[in-house]
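Written out below as structure tokens is the structure these notes cover.
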Amino acid sequence: METWEAITSRRNIRSFEDRAVPGEHLERILEAGRRAPSSRNWQPWHFVLVTERSQLGELSKVWRGAGYVAGAAAAIALAAAPPADDRQRDVLQYDLGQATMAMMLAAVDLGVGSGHSAVADQEQARAVLGLPADRFCAYLIALGYPADGPLRPVRRPDRRPYDEVVRIDRW
Ligand SMILES: Cc1cc2nc3c(=O)[nH]c(=O)nc-3n(C[C@H](O)[C@H](O)[C@H](O)COP(=O)(O)O)c2cc1C
């Protein structure tokens with residue numbers, strides 16, 4: 001798939017076919033995250049891949065907006081050390097976003113849909129994922145083949161108008 005097609009085809013998928021994603025495709029997606037840029041190349045992330053149906057079900061309980069993770073073929077949990085201060089917290093969130101987008105675009109390229117989920121219940125996430133005490137789960141990325149058919153470029157994305165968002169040279 002062309003890069004532009006991948007960018008325009010990505011959207012949050014919250015309903016998935018009951019079909020596994022091949023292991024080498026999951027590895028490609030994880031590798032895209034590993035290669036993501038980060039501030040001073042500190043690479044603050046750990047990625048925990050979950051494919052077990054019962055484990056996905058337990059993971060879906062970490063947040064009321066995570067219910068759909070139960071029906072995904074897989075999920076990647078983004079874990080990190082708690083930030084030391086506000087500056088590190090901001091950079092961590094930025095860098096996790098970069099890794100997330102890299103993985104989501106790699107997924108589209110393979111025809112795999114993805115969806116974000118926040119994580120509220122850290123104890124539940126810790127229990128399901130076996131995280132050590134000095135790590136927390138920042139986000140989940142659900143993965144699988146979209147139930148409503150293959151990913152295609154979104155013609156009319158739900159976005160603010162280009163001219164409202166973009167300024168040339170000066171505000
Ligand atoms: C930081 C972040 C957290 C999100 N958390 C959730 C979530 O908990 N549950 C969910 O269903 N979608 C979540 N989303 C998905 C957004 O709602 C979605 O990206 C946005 O509505 C735009 O839709 P699109 O991705 O289909 O273009 C999250 C997205 C981001 C960037």
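Sequence positions, counted from 1, serve as the residue numbers for this chain. Values below: every heavy atom of this structure, side chains too, minus hydrogens, waters and symmetry copies. Just so you know, ligand 1 is whichever comes first in the structure, and atom 1 is the first atom listed for that ligand.
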Neighbour count above 12 (heavy atom, 6.0 Å) for R34 CZ: no
message: Suppose we measure from atom 8 (O) of ligand 1 to each protein heavy atom; which comes out shortest, and what is that distance?
response: W63 NE1, 2.7 Å
query: Which heavy atom in Q88 sits nearest to a heavy atom in D85, and how many Å separate them?
result: N-OD1, 2.8 Å
message: Considering non-hydrogen atoms of the protein only, which is the closest contact for atom 12 (N) of ligand 1, and what is the distance?
response: R14 NH2, 3.1 Å
task: Mark up the atoms of ligand 1 that fall under 4.0 Å of a heavy atom belonging to R10, in ascending order.
output: 24 (P), 25 (O), 27 (O)
- request: List the closest protein heavy-atom neighbour of atom 5 (N) of ligand 1: residue, atom name, distance to the nearest 0.1 Å.
  value: A118 N, 3.6 Å
field: Residue E2 excluded, over 12 heavy atoms near CD under 6.0 Å
entry: no
field: Nearest non-hydrogen protein atom, atom 19 (O) of ligand 1
entry: N12 ND2, 3.1 Å
message: Is atom 27 (O) of ligand 1 near the protein, in the sense that some protein heavy atom lies at less than 4.0 Å from it?
response: yes
query: Numbering the atoms of ligand 1 from 1, which are under 4.0 Å from a heavy atom of G65?
result: 7 (C), 8 (O), 9 (N), 10 (C), 11 (O)
query: From atom 22 (C) of ligand 1, is the closest protein heavy-atom distance below 4.0 Å?
result: yes
- line: ligand 1 to Y68, heavy atom cutoff 4.0 Å, flagged ligand atoms 11 (O)
message: How about CZ on R167, more than 12 heavy atoms from neighbouring residues, nucleotides or ligands closer than 6.0 Å, or not?
response: yes
message: Does only the side chain of M104 get under 4.0 Å from ligand 1, or the backbone, or both, or neither? Count heavy atoms.
response: neither
- prompt: For atom 10 (C) of ligand 1, what's the nearest protein heavy atom and its distance?
  reply: H116 O, 3.4 Å
message: Restricting to non-hydrogen atoms, name the atom on C137 and the atom on A77 that form the minimum distance, rounded to 0.1 Å.
response: SG-CB, 3.9 Å
query: Does A66 have a heavy atom less than 4.0 Å from any atom of ligand 1?
result: no
- request: Output the list of atoms in ligand 1 that are nearer than 4.0 Å to some heavy atom of R11, sorted by atom number.
  value: 26 (O)
- prompt: Closest approach of L56 and A74, non-hydrogen atoms and distance?
  reply: CD2-C, 3.9 Å
- line: Apart from L30 itself, members of its ILVMFWY cluster (side-chain separation under 4.5 Å) are V21, L26, I29, W42, W45, F47, L49, I76, L78, V91, L92, L96, M103, M104, L110, V112, F136, I141, L143, Y145
message: List ligand 1 atoms under 4.0 Å from Y139, heavy atoms only on the residue side.
response: 1 (C), 3 (C)
- prompt: Of all heavy-atom pairs between A142 and V69, which one has the smallest distance, and what is that distance?
  reply: CB-CG2, 4.2 Å
- request: Kindly give the heavy-atom pair with the smallest separation between S117 and A66, and that separation in Å.
  value: OG-CB, 3.1 Å
